[in-house]
Amino acid sequence: MQFVSDPPISAKINQMKRRVRWQEPALKARGIEQTHLVIDDWKADNPEFSFLVIGDSGCGDHYGYHPQRHIAQMMLQQSANFILHTGDVVYQVGSSEYYYTNFIEPYQEFLVGGEFPEKIAYDRLLFNLPFLPVLGNHDYYDLPLVYGALSQLTWGLRHLLFTKIDFDVGWHGSFQGQAYAQAFLDYLLEIKTPQGLAQHLDQYYTAQVNGDRCLRYQPKQFTRLPNRYYTFCYGDIDFFALDSNTFNAPAPLPETQAGEKMRQELIIRRQVLEAQKQQILEESQELSFERTKDKEKLDDDRGKLNQIEEEQRDIDKRLDKQRGVIDYEQLDWLKAQLIRSWQKETSRGRVLYFHHPPYVTEATKWDQGQTLAIRRRLRRVLDEVAESLGDTTQSRPLVDLVLCGHAHCLEHLYTEGTGHADSRIHWVICGGSGHSLRRQRSQGPILTERDNRGKMRQVAQSLRFIGRNGQGSNKRRPYSFLKIDIHAGNPPKFVLCPYVAEWHHQQWHHYSLDSFVI
C-alpha cells in the first residue's frame with residue numbers, strides 16, 4: 001500500500017477553479033484577468049533587479065538537523081526583490097497540519113508577524129517580500145483514508161507501520177490542494193455574499209494589464225496570487241508560473257507487442273520496488289534515535305522511501321490504459337502569453353517556472369514518464385509559438401530561462417539541437433532546498449533521445465550538478481538555493497549564483513559557488 005495518493009488531474013483543475021471562482025460573472029463584469037498580477041513595490045520598473053529561487057523545501061527537522069532553516073538564514077543575507085518557489089512547499093501530503101513546522105517556522109523572518117510565528121495561521125500568510133510559488137506534486141497529495149482513520153486512533157502513522165521513520169503526515173492530506181490554495185491564492189470561495197465579493201474585487205483588483213483589471217500584489221499588505229498559474233512583469237522581464245501537475249500525464253503504452261513488453265517490465269519493476277520498500281521498513285526497526293549514525297540512516301531511509309513511492313506512482317501513470325486528462329486550457333494560455341510577450345516592444349526577456357523538469361540528469365527523474373510527458377507538451381507549445389512568430393525572435397531562444405524543481409538537486413542544463421523550439425535554452429533545476437537530496441545518474445551528463453528516424457541524438461547536457469555525493473562517513477548533503485541578478489540591456493544578462501548549506505561530518509558548512517552567466 002502506498003503512503004500517499006495523487007488526485008486525478010480533472011479534480012485538481014476543477015477544485016482550483018472553484019476556489020478562485022474562475023470566470024464567474026462578478027469577475028467577468030469587471031473585466032478582471034485572473035492569471036495576471038502586478039507587484040506593487042515601487043521597484044518593478046527598474047531594469048536591474050535580483051530574485052531568489054528555492055524549491056522542494058517543505059520539510060521539518062531531519063532527526064536533529066534542519067536544512068530548510070539553514071537555507072532560510074542564508075537567504076536573509078541576500079538582497080533580493082522577490083522569491084520564486086518551484087513547488088513542494090509542504091511535505092509529505094501538503095497538509096495544513098504541517099504548514100507551521102514545515103513552512104511558517106523556517107521562513108518566519110519573511111512573514112509579517114514572524115517574530116511570533118506560532119501566532120501565524122497558515123491561511124492568513126502575509127509576506128514582507130513577494131513570495132511567488134507554484135504547486136508541486138506533494139502540495140496536491142492526500143493521505144489514503146485507511147491511514148488517516150488509523151492515525152486518528154492512538155499511535156500515529158509510523159507506529160502503525162511498525163517503523164521509526166517519520167513521514168511528515170498527520171490526520172489528513174492537502175484535500176486536493178486546498179491547503180496550498182488557502183495559503184497562497186486569493187481564495188474567493190471563502191467570501192460568502194455578493195456584496196462582500198464586490199467589495200473585495202474593487203479593493204484588490206485595481207491594477208491594469210493590457211486593458212484588463214488584475215490583482216495588485218502589495219508586500220506587507222496583500223500578498224495573494226490570482227490563480228494556480230499566472231504571469232507578471234518585473235523590470236520588463238515577463239515571468240510565467242505554471243502548474244505542471246495538470247499536464248504531466250504520460251501517454252498510454254501502445255497496444256502492440258512492444259507495448260506489452262514494456263508493460264510487463266514496468267510491472268516487474270514495481271514489484272521490485274515494493275520489496276525494497278518493505279525491506280527498508282523492516283530494517284528501520286533495528287535503528288535507534290539515540291545514535292547519531294542511526295538518525296542519519298533514518299533520514300536517508302525516509303528519502304529512499306519517498307523516492308520509491310515516486311517511481312511507483314510514475315509507473316502507475318504509465319500503466320494506466322486510459323488517456324489522462326491534459327490541461328490544454330493552461331497550455332493554450334501559455335502559448336498566447338508568450339506570443340503576446342514577443343509582440344510587446346518593452347519585453348526584454350522571458351522566464352518560465354514550474355515544478356516538473358523536462359530535462360534533468362538526477363538519477364530518479366531523468367527518464368520518468370512524467371518527465372518525458374512534460375518535455376513533449378512544452379515542446380508542442382514552443383513549436384507553435386515559433387511558427388506563429390516567424391522571424392520576430394531574430395534567432396533568440398523563445399525563453400531565456402526555465403526554472404523547475406521536483407528533482408532534489410541543483411542542476412544547470414543546456415539544450416542543443418533538439419529539432420524543436422526548445423533548443424538553445426538554459427534549464428535550471430532548483431529542488432534541493434530542504435528535502436532529502438538525490439544523486440546524479442550513473443549514465444553521465446549527456447541526455448539523448450531518438451529522432452523521427454529512430455536514431456539517437458544528443459539533446460541536452462548537464463553543465464553543473466549539486467546533489468548528494470560521497471559514501472559512508474564522507475557523505476555530503478549540499479542543500480541549495482539560487483540568487484539571480486538580471487542586468488539592464490536587451491537582451492538582458494542573467495547572472496546565477498548558487499548558495500549551499502552543506503551537512504558533512506555532523507557540521508554545517510555555508511558557502512557560495514562560482515556564478516555563471518546566461
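All heavy atoms count here, side chains included; hydrogens, waters and symmetry mates do not.
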Chemist: In terms of side-chain heavy atoms, does Arg313 have a donor or acceptor partner in Tyr141 at a distance below 3.5 Å?
Modeler: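 Result is yes, a qualifying pair exists.
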Chemist: Apply salt bridge (charged side-chain N to carboxylate O under 4.0 Å, His left out) to residues Arg228 and Asp327 and explain how you reach the verdict.
Modeler: CA-CA 12 Å; Arg228 63 188 174 90; Asp327 189 3; 2.7 Å; yes
Chemist: Ignoring hydrogens, what is the shortest heavy-atom contact between His138 and Gln92? Give both atom names and the distance.
Modeler: ND1-O, 2.8 Å
Chemist: Are Gln68 and Tyr107 close enough that a side-chain donor and a side-chain acceptor fall under 3.5 Å?
Modeler: yes
Chemist: Can you confirm whether or not the ring centre of Tyr234 sits under 6.0 Å from the ring centre of Phe82?
Modeler: yes
Chemist: Would you say the side-chain atoms of Tyr414 and Ser462 include a donor-acceptor pair closer than 3.5 Å?
Modeler: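 Tyr414 vs Ser462: no donor-acceptor pair found between side chains.
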Chemist: Using a strict 4.0 Å threshold on nitrogen-to-oxygen distance, state whether Arg270 and Glu311 make a salt bridge.
Modeler: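 Looking at Glu311 together with Arg270, the answer is no, because their closest N to O distance does not fall below 4.0 Å.
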Chemist: Counting only N and O atoms by type, is there a donor-acceptor contact under 3.5 Å from the side chain of Thr246 to the main-chain atoms of Ile13?
Modeler: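 Absent.
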Chemist: Please state whether the rings of His85 and Phe131 are parallel, tilted or perpendicular, taking 30° and 60° as the class boundaries.
Modeler: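 Correct class here is tilted.
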Chemist: Without swapping roles, check the side chain of His509 against the backbone of Glu502 for a donor-acceptor pair under 3.5 Å.
Modeler: no
Chemist: Do we see a donor-acceptor contact under 3.5 Å between the side chains of His406 and Asn137?
Modeler: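 Looking only at side-chain atoms, Asn137 and His406 do form a donor-acceptor pair, the distance falling under 3.5 Å.
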Chemist: Is a donor from one side chain sitting under 3.5 angstrom from an acceptor on the other, for Ser50 and Asp485?
Modeler: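 Yes - a donor-acceptor pair under 3.5 Å links their side chains.
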Chemist: Which heavy-atom pair separates Ile518 from Asp400 by the least distance, and what is that distance?
Modeler: CD1-O, 3.9 Å
Chemist: Quick one, Val93 and Tyr140 - any side-chain contact, counting heavy atoms below 4.5 Å?
Modeler: no
Chemist: Between the side chains of Asp422 and Thr418, is a donor N or O closer than 3.5 angstrom to an acceptor N or O?
Modeler: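 Yes.
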Chemist: Start with the C-alpha gap between Ser341 and Phe240, add the side-chain angles, then the distance that decides, and say whether side-chain contact (heavy atoms from CB on, under 4.5 Å) holds.
Modeler: CA-CA 10 Å; Ser341 174; Phe240 305 93; 4.0 Å; yes
Chemist: With a 3.5 Å distance limit and no angle check, can you tell me whether Asp186 reaches the backbone of Leu188 through a side-chain donor-acceptor pair?
Modeler: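 No; judged by distance alone, with no hydrogens or angles, the pair does not exist.
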Chemist: Gln178 versus Gln15: any side-chain heavy-atom pair under 4.5 Å?
Modeler: no
Chemist: Would you call Asn306 and Arg438 a side-chain contact if the rule is heavy atoms closer than 4.5 Å?
Modeler: yes
Chemist: Distance alone, cut at 3.5 Å: any donor-acceptor contact between the side chains of Gln440 and Thr361?
Modeler: yes
Chemist: Does a donor on one side chain sit under 3.5 Å from an acceptor on the other, for Gln337 and Arg340?
Modeler: no
Chemist: Pairing donors with acceptors under 3.5 angstrom, does anything connect the side chains of Trp333 and Thr35?
Modeler: yes
Chemist: Specify whether Phe232 and Phe239 have parallel, tilted or perpendicular ring planes, treating 30° as the upper limit for parallel and 60° as the lower limit for perpendicular.
Modeler: parallel
Chemist: What verdict does the side-chain contact (heavy atoms from CB on, under 4.5 Å) test give for Lys493 and Val517, after you've listed the backbone C-alpha separation in whole Å, the side-chain angles of each residue and the deciding distance to 0.1 Å?
Modeler: CA-CA 7 Å; Lys493 181 169 70 173; Val517 180; 3.3 Å; yes
Chemist: State, to 0.1 Å, how close Phe494 and Val351 come at their nearest heavy-atom pair, and which atoms those are.
Modeler: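 Taking every non-hydrogen atom into account, CE2-CG2, 3.8 Å.
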Chemist: Quick one: does Leu513's side chain get under 4.5 Å of Tyr511's, heavy atoms only?
Modeler: yes
Chemist: Would the number of heavy atoms belonging to other residues, nucleotides or ligands and lying under 6.0 Å from CG of Asp514 be above 12?
Modeler: no
Chemist: Please round to the nearest 0.5 Å and tell me the distance separating atom CG of Leu129 and atom CE of Met75.
Modeler: 8.5 Å
Chemist: State, yes or no, whether a side-chain contact exists between Leu84 and Leu403 at a heavy-atom distance under 4.5 Å.
Modeler: yes
Chemist: Look only at the side chain of Ser96 and the backbone of Ala179, and say whether a donor-acceptor pair between them is shorter than 3.5 Å.
Modeler: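 Answer holds: no.
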Chemist: Where do Cys214 and Glu33 come nearest, in terms of heavy atoms and distance?
Modeler: CB-O, 3.8 Å
Chemist: Looking only at side-chain N and O atoms, does Asp56 offer a donor or acceptor that is under 3.5 Å from a partner on His435?
Modeler: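 His435 vs Asp56: no donor-acceptor pair found between side chains.
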Chemist: Over 60° means perpendicular and under 30° means parallel, so tell me whether Trp508 and Tyr479 are parallel, tilted or perpendicular.
Modeler: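 It falls in the tilted class, 30° to 60°.
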Chemist: Kindly assign one of parallel, tilted or perpendicular to the pair His412 and Phe516, based on the angle between their ring planes and the thresholds 30° and 60°.
Modeler: parallel
Chemist: Run the numbers on Leu225 and Tyr217 for side-chain contact (heavy atoms from CB on, under 4.5 Å), then give the verdict.
Modeler: CA-CA 8 Å; Leu225 305 174; Tyr217 189 106; 4.1 Å; yes
Chemist: Could you verify whether a donor N or O on one side chain and an acceptor N or O on the other, from Thr364 and Arg439, lie under 3.5 Å apart?
Modeler: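 No, because no side-chain N or O of Thr364 sits under 3.5 Å from a partner of the opposite role on Arg439.
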Chemist: I'd like to know if the side chain of His426 reaches the main chain of Leu401, judged simply by a donor and an acceptor atom lying under 3.5 Å from each other, with no hydrogens or angles considered.
Modeler: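 Absent.
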Chemist: Under 4.5 Å between any side-chain heavy atoms of Ile466 and Glu411, yes or no?
Modeler: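 SC-SC contact between Ile466 and Glu411 ruled out.
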Chemist: Decide yes or no for Arg468 and Arg476: does some side-chain heavy atom of the first lie under 4.5 Å from some side-chain heavy atom of the second?
Modeler: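 Heavy-atom side-chain distance check fails, nothing below 4.5 Å.
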Chemist: Could you walk me through whether Glu449 and Arg375 pass salt bridge (charged side-chain N to carboxylate O under 4.0 Å, His left out), step by step?
Modeler: CA-CA 12 Å; Glu449 65 181 23; Arg375 184 189 303 178; 2.8 Å; yes
Chemist: Is a side-chain donor or acceptor of Ser95 paired with a backbone partner of Glu97 at a separation under 3.5 angstrom?
Modeler: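 Between the backbone of Glu97 and the side chain of Ser95 there is a qualifying donor-acceptor contact (under 3.5 Å).
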Chemist: Given the rule in the side-chain contact (heavy atoms from CB on, under 4.5 Å) test, do Tyr499 and Ile71 qualify, once you have shown the distances and angles that lead to the verdict?
Modeler: CA-CA 8 Å; Tyr499 287 84; Ile71 289 294; over 6 Å; no
Chemist: Does a side chain donor of either Gln176 or Ser174 reach within less than 3.5 Å of an acceptor in the other side chain?
Modeler: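 Result is no, nothing qualifies.
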Chemist: Between Asp243 and Gln330, is any side-chain donor less than 3.5 angstrom from a side-chain acceptor?
Modeler: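 No donor-acceptor contact under 3.5 Å links the two side chains.
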Chemist: Check for a donor-acceptor pair, side chain of Arg377 on one end and backbone N or O of Ala249 on the other, with a separation under 3.5 Å.
Modeler: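 Checking the backbone N and O of Ala249 against the side chain of Arg377, a donor-acceptor pair under 3.5 Å is found.
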Chemist: Does Arg350 make a cation-pi contact with Trp342 (under 6.0 Å, within 45 degrees of the axis)?
Modeler: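 Yes; both conditions hold, so Arg350 lies above the ring face of Trp342.
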Chemist: Between Asp123 and Gln182, is any side-chain donor less than 3.5 angstrom from a side-chain acceptor?
Modeler: no
Chemist: Looking only at atom types and distance, does a side-chain atom of Arg441 sit under 3.5 Å from a main-chain N or O of Ala363, one as donor and one as acceptor?
Modeler: no
Chemist: Testing Gln368, Gln370, Lys365 one by one against Glu310 for a side chain to side chain donor-acceptor pair (under 3.5 Å), which residue passes?
Modeler: Lys365
Chemist: Provide the closest heavy-atom pair for Gly87 versus Asp139 in the form atom of the first, atom of the second, distance.
Modeler: C-OD2, 4.0 Å
Chemist: Is the backbone N or O of Ile374 less than 3.5 Å from a side-chain atom of Asn248, with the two atoms forming a donor-acceptor pair by type?
Modeler: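 Such a contact is absent between Asn248 side chain and Ile374 backbone.
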Chemist: Within the side chain of Asp142, is there an N or O that forms a donor-acceptor pair under 3.5 Å with the backbone of Phe175?
Modeler: yes
Chemist: Is there a side chain to side chain donor-acceptor pair (under 3.5 Å) between Gln312 and Lys277 once you walk through the steps?
Modeler: CA-CA 11 Å; Gln312 287 180 319; Lys277 182 165 65 176; 3.2 Å; yes
Chemist: Is the distance between the ring centroids of Phe222 and Phe127 less than 6.0 Å?
Modeler: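 Aromatic pair excluded; centres sit 6.0 Å or further apart.
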Chemist: Classify the side-chain pair Gln218/Asp40 by whether it contains a donor and acceptor separated by less than 3.5 Å.
Modeler: no
Chemist: Using a 4.5 Å cut-off on heavy atoms from C-beta on, say whether the side chain of Lys17 contacts that of Lys12.
Modeler: no
Chemist: Which pair of non-hydrogen atoms, one from Leu482 and one from Leu496, has the smallest distance, and what is that distance?
Modeler: CD1-CD2, 4.2 Å
